[in-house]
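For reference, the structure is listed below as structure tokens.
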Amino acid sequence: MITVFPEIDRKCIYADRQDEIRLKMNTRGLRSQLKDSVPVTGLCPQAGPYGVQDSLRRGFSSVKNELLPSHPLELSEKNFQLNQDKMNFNTLRNIQGLHAPLKLQMEYRAARQIQRLPFLPSSNLALDTLRGSDDYIGFEDILNDPVQSEMMGDPHIMTEYKLGVL
Amino acid sequence: MATVSVCQYHPGGFSFENCKRNALLEADITKLGFSSPAARKTGTTICGVVYKDGVVLGADTRATEGMVVADKNCSKIHYISPNIYCCGAGTAADTEMTTQIISSNLELHSLSTGRLPRVATANRMLKQMLFRYQGYIGAALVLGGVDCTGPHLYSIYPHGSTDKLPYVTMGSGSLAAMAVFEDRYRPNMEEEEAKRLVRDAIAAGIFNDLGSGSNIDLCVITKGKVDYLRPHDVANKKGVRTGSYRYKHGTTGVLTKVVIPLNLEVVDESVHTMDTS
């Protein structure tokens, strides 16, 4: 089944870099993610702004580590939320027409921008409410809670990186 | 500017960071001839039956860790909601956490809808979660309860498939228990007969399967009432020693006796109160 989503261009006022960091590695619109249901970008060398491994910021990489997932569930878990959203949007599009998922995606995009400073964990309350996961408890709330993580990035360097000053 | 300075955002949940390391360690350990520690399983007999007014769930109480009994009286019938209970077989931690998560989600759901939760809802939530993890969560469950549509009984397998049946058994002793069910089950039994049937099925599992043992727990769920009978039947009592093997006083004759007094002086006495706050 081929569904055609119109290209949602990302010409926002803020620098593209911010969105890039926020959405990890998805610098392209939602359309590119429809090609494979599980994007393999998770396993490619962590691309910096020039498409190659950003050794300065993420350290050395090894082909052996990047080639295969360490656990069969690793890929599917990494992209689980993405695939859920995609499935829901597809269903919504089939039931209620094109405008419903478009409007929702716009709201998701807006809600995703409500974040704290880059080195602090955000509650993502608006995004959770939109998704309906504010009254759902899963393993992501119990195990490895980012609020209780023992590592924090250096505040100055992370803010500078986010603002593009670095 | 080290790698830690631009921290990746970790969304929480399962972390697969140590998988490669664990695989290497496992390979090294087996080369040396040892074996890595086994997870605690509940090699088990669990079963359930639908009778006239509701559902009877039964379970044994042994938890094993490889070939050793880790817990002689563990509780395998977990609470999901006031009218729904769930027996769990497989890896003990997996069944425990899965049932607790589903119980919380069902509570939130019922608060949101304002109604008593249905067994079909719990079943759907469980199967979707287990399928998401492709069988790596080793939890085989027997879910039973009474809701507004009547009594229901489901069996849920670790990979996410479910069966809705009038009588189900799971675990390593499931064949022994199923043999009893197949012989004596009939539809619309009375409560006493259903309890006897489940008790006999679990007993068959306990006496014929090495992974099941100790007592029999029962849970009788009817509309508006739950009887959690723990233990319903102590099938295996620890034996009582028939004779005493202690030696009587004076058995050993005393040849010589030497008394050396130790003259100690009290130098310093201080009282420390225990911090019992």
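Letters go in sequence order (proteins before strands), and every chain restarts at 1.
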**Request:** Count the heavy atoms of every other residue, nucleotide or ligand shown that sit under 6.0 Å from CZ of B:F131, and state whether that count exceeds 12.
**Result:** no
**Fill in**
If one checks every heavy atom of A:F119 against chain B at 4.5 Å, the contacting part turns out to be neither
**Request:** Taking all non-hydrogen atoms of both residues into account, name the closest pair between A:I137 and B:N105 and its distance.
**Result:** N-OD1, 2.7 Å
**Asked** Hey, is NE2 on B:H152 packed in by over 12 heavy atoms from elsewhere, all under 6.0 Å?
**Response** yes
**Request:** Against chain A, label B:S112 side chain, backbone, both or neither, depending on which of its atoms sit under 4.5 Å from a heavy atom there.
**Result:** side chain
**Prompt:** Would you say the side chain of A:F139 lies within less than 4.5 Å of the side chain of B:I137, judging by non-hydrogen atoms?
**Reply:** yes
**Asked** Partners of B:Y154 by ring-ring contact (aromatic ring centres under 6.0 Å, His included), sequence neighbours excluded?
**Response** none
**Asked** Shortest non-hydrogen contact from A:S70 to B:C19?
**Response** O-CB, 3.6 Å
**Request:** Identify which part of B:Y136 has an atom lying under 4.5 Å from any heavy atom of chain A, answering side chain, backbone, both or neither.
**Result:** side chain
**Message:** Can you pull out every salt bridge (charged side-chain N to carboxylate O under 4.0 Å, His left out) where at least one residue sits in residues 82-110 of chain B? Sequence neighbours excluded, please.
**Reply:** none
**Request:** Give a yes or no on whether the backbone of B:G13 and the side-chain of A:N144 come within a donor-acceptor separation of less than 3.5 Å.
**Result:** yes
**Message:** For a 4.5 angstrom cut-off between non-hydrogen side-chain atoms, does A:L73 reach B:Y133?
**Reply:** yes
**Prompt:** How far does OG of B:S15 sit from CD of A:E74, to the nearest 0.5 angstrom?
**Reply:** 8.5 Å
**Message:** Tell me if the NZ atom of B:K164 is crowded by more than 12 foreign heavy atoms within 6.0 Å.
**Reply:** yes
**Prompt:** If you count the non-hydrogen atoms of other residues, nucleotides and ligands that lie under 6.0 Å from CG in B:L210, is the total more than 12?
**Reply:** no
**Asked** With a 4.5 Å heavy-atom cut-off, do A:H71 and B:F14 have their side chains touching?
**Response** no
